[in-house]
Number of protein chains: 2
Amino acid sequence: MAKPNFTPIVAALPQTVPFVGPEALQRRSGITMRARIGANESGFGPSPAVKAAIAEAAGDVWKYPDPDVFDLRATVAAHVGVTAGEISIGEGIDGLMSVLVRMFISPGEIVVTSAGAYPTFNYHVVGYGGQLRFVPYKDDHEHLEALLDEVRRTNARMVYLANPDNPMGTWWPAEAVNAFIAALPESCLFVLDEAYGETAPAGTLPPLDAGRPNVLRLRTFSKAYGLAGIRCGYAIGDADLIGGFDRVRNHFGVSRLSQLAAGIALEDQAYLDQAVASIHRANDRIAAIAADNGLSAIPTATNFVAVDCGRDGAYALRVLEELGQLGIFVRKPMAPGLDRCIRVSAAPDREMDLFAEALPTALRKAHGAG
Amino acid sequence: MAKPNFTPIVAALPQTVPFVGPEALQRRSGITMRARIGANESGFGPSPAVKAAIAEAAGDVWKYPDPDVFDLRATVAAHVGVTAGEISIGEGIDGLMSVLVRMFISPGEIVVTSAGAYPTFNYHVVGYGGQLRFVPYKDDHEHLEALLDEVRRTNARMVYLANPDNPMGTWWPAEAVNAFIAALPESCLFVLDEAYGETAPAGTLPPLDAGRPNVLRLRTFSKAYGLAGIRCGYAIGDADLIGGFDRVRNHFGVSRLSQLAAGIALEDQAYLDQAVASIHRANDRIAAIAADNGLSAIPTATNFVAVDCGRDGAYALRVLEELGQLGIFVRKPMAPGLDRCIRVSAAPDREMDLFAEALPTALRKAHGAG
């Protein structure tokens, strides 16, 4: 029997899951993941004030969330030092990316990113019929000059950069990003993903008064704030561009408890400082574990460490798989050049101990199988 | 300074909020809404098991939700009697609507709905460049025959029906809906919104084995389940169509606590039965309050009652505004013919008492101002 047709754009797309979750890995393998250190979640968890507020508000879930996200926008705006009209809240950075690609990219238009950068951004670009152009990393950094050249060469409508970077953990100082912004054609939207901004060294995030309206900056509660489960992120930018979100977004997309939790998390900066210190200690621990096994860790500004396994991508993949067999969930970069690494998330001592215990076995087995 | 351009579709759209929330009304008026009976939320709240589970899982919010929504899909599938591949979960019915319009409607294609039916559906159709065609209600019911005629006349790609209906609360028996499905061209996707299915009389929801793949049915935890705040709904349909959601959806859109809460709510059918009984009693109470004031209530299959104010739309709007002045939040249909009504949500006695107390004053003031 005939079925309604998908649009030509959707008909050409595969079914996919941008990231296979640890739950899916467990279902497939039957192996319980004892250490969940693959998704750059924060096992240090959210502020105790957030947990208490969620528990207390559980009875309020019969009420719709505020579609204006008024209170949280005000809290975020005050925190970053802009007006509420320069903030839009969405279902995580992923949700914001879907909307912003929809706002700016017509089918066939060109979007520039780095080969091996955030796959969900690519998923949304392709999902709206955009044409991706990829630039290789250089020395494990996203290559600013090459990105700029590619934007100019292709007359791209949008360019993506994560600073600090995922999956490598590297970063550019604010001056380099500012120079990139200054050189970028004004007609090209710069999507600056600062998901890992809270863990970066001082001087990494450019000030918000860049004087250029073609920059949208994305931040999230999923990483240092320890709230990946609530699906809440925000975009900061020029009020006209931010206003565009209200033309097409799902106004009721961010749950009531999520709006509440994010606001309370933002107000507990003392806890954030403590969490960031814990993350930095755990990153050092990952680097030490790597060194104990003859591997090197790439310096990081994020809540994870890319560990260079010292051989090719196939070998690093075997290391990842052997870790999985031992119940250690990690992920890895897949792009050529980056794929020699596995990516390990900062976590409390219990998980770090399990990783330290499992890594020698995983390396031995991966080596033996090679 | 030049700014990046929106796409032509987005550039033509206004900034909007499909429903102004009671929070926004309070912010504007300074009047505290004492009775929240305008958004068809369920003040009877969710199952106590849901509240307990949320409180208990508050510490888990550092983990991403499962992007496959595996457990909840399995629970929903078992509950409605289909396979998990015939279920997609989204950020409420609103979120599902955005994705399904995107899946099927290319710019310029025609979508048929009723004048005065769910505005968020229209918002998403227009948001993807679809062309809406409206059919008037007949005797406060969505007009099946006219919808079908309009689909045929315009060669529409999609048609929308809510059964039971919002905002009037009326309904068609399953046989009438089945006849509609049988007569519909197979190339036209039928979006059957069953948000209010749980409160409808037996024999309202057609069986799921309609034998036609061009039907997507939408259900939600926002109404009888008392979980509007979690933003979780589901689509039921042909596996190929449902698979289309995985081509473009935001896989991490539904929060971890929301997936948990929805599953537990579904498993507590005893509580649902009790909530539905409370809703039916409250609906009767609204009808009685209306009658006490010389007004008539339109028979309802939902968790709200459309109260016919007996005069024109301008008068009913004044009644709504006067109720708002008294801290009673209700909404109303706006389409010609339907707009003589206000729409009052079923709620616990406290809210019903406040409504009973306020209505005579509101009517008197609205009458005096007319």
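The analysis underlying the following values was restricted to heavy atoms, covering all of them including side chains, and did not include hydrogens, waters or symmetry mates. So you know, we letter chains A, B, ... as the sequences are listed, proteins then strands, and number each from 1.
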For chain B, which of A/T120, A/N214, A/N250 has the most heavy-atom pairs under 4.5 Å? A/N250
Part of A/P14 within contact of chain B (heavy atom distance under 4.5 Å): backbone
Any ion pair linking B/D60 and A/K51 (charged N to carboxylate O, less than 4.0 Å)? no
Among B/G21, B/P22, B/S222, who wins on heavy-atom pairs under 4.5 Å with chain A? B/S222
Region of A/T16 in contact with chain B, defined by heavy-atom distances below 4.5 Å: both
Minimum heavy-atom distance B/E23-A/Y64, with the two atoms named: OE2-O, 4.0 Å
Pick one of side chain, backbone, both or neither for B/D240, based on which atoms fall under 4.5 Å of a heavy atom in chain A. both
Heavy-atom distances under 4.5 Å only: say whether A/S187 touches chain B with side chain, backbone, both or neither. backbone
Tell me, out of B/I9, B/V61, B/I54, B/L13, who's got the most heavy-atom pairs with chain A below 4.5 Å. B/V61
Using only heavy-atom distances, determine whether the side chains of B/Y128 and A/R102 contain a donor-acceptor pair under 3.5 Å. yes
Which portion of A/V126 sits near chain B, non-hydrogen atoms under 4.5 angstrom: neither
A/R36 and B/K63: CA distance, side-chain angles, deciding distance, side-chain contact (heavy atoms from CB on, under 4.5 Å) verdict: CA-CA 9 Å; A/R36 188 171 165 124; B/K63 298 176 190 169; 3.5 Å; yes
Dump the intermediate steps for ring pair (Phe, Tyr, Trp, His ring centres under 6.0 Å) on B/H251 and A/F19, then the final yes or no. CA-CA 9 Å; B/H251 287 71; A/F19 288 100; over 10 Å; no
Measure distances from A/F44 to the heavy atoms of chain B and classify the residue's part below 4.5 Å as side chain, backbone, both or neither. neither
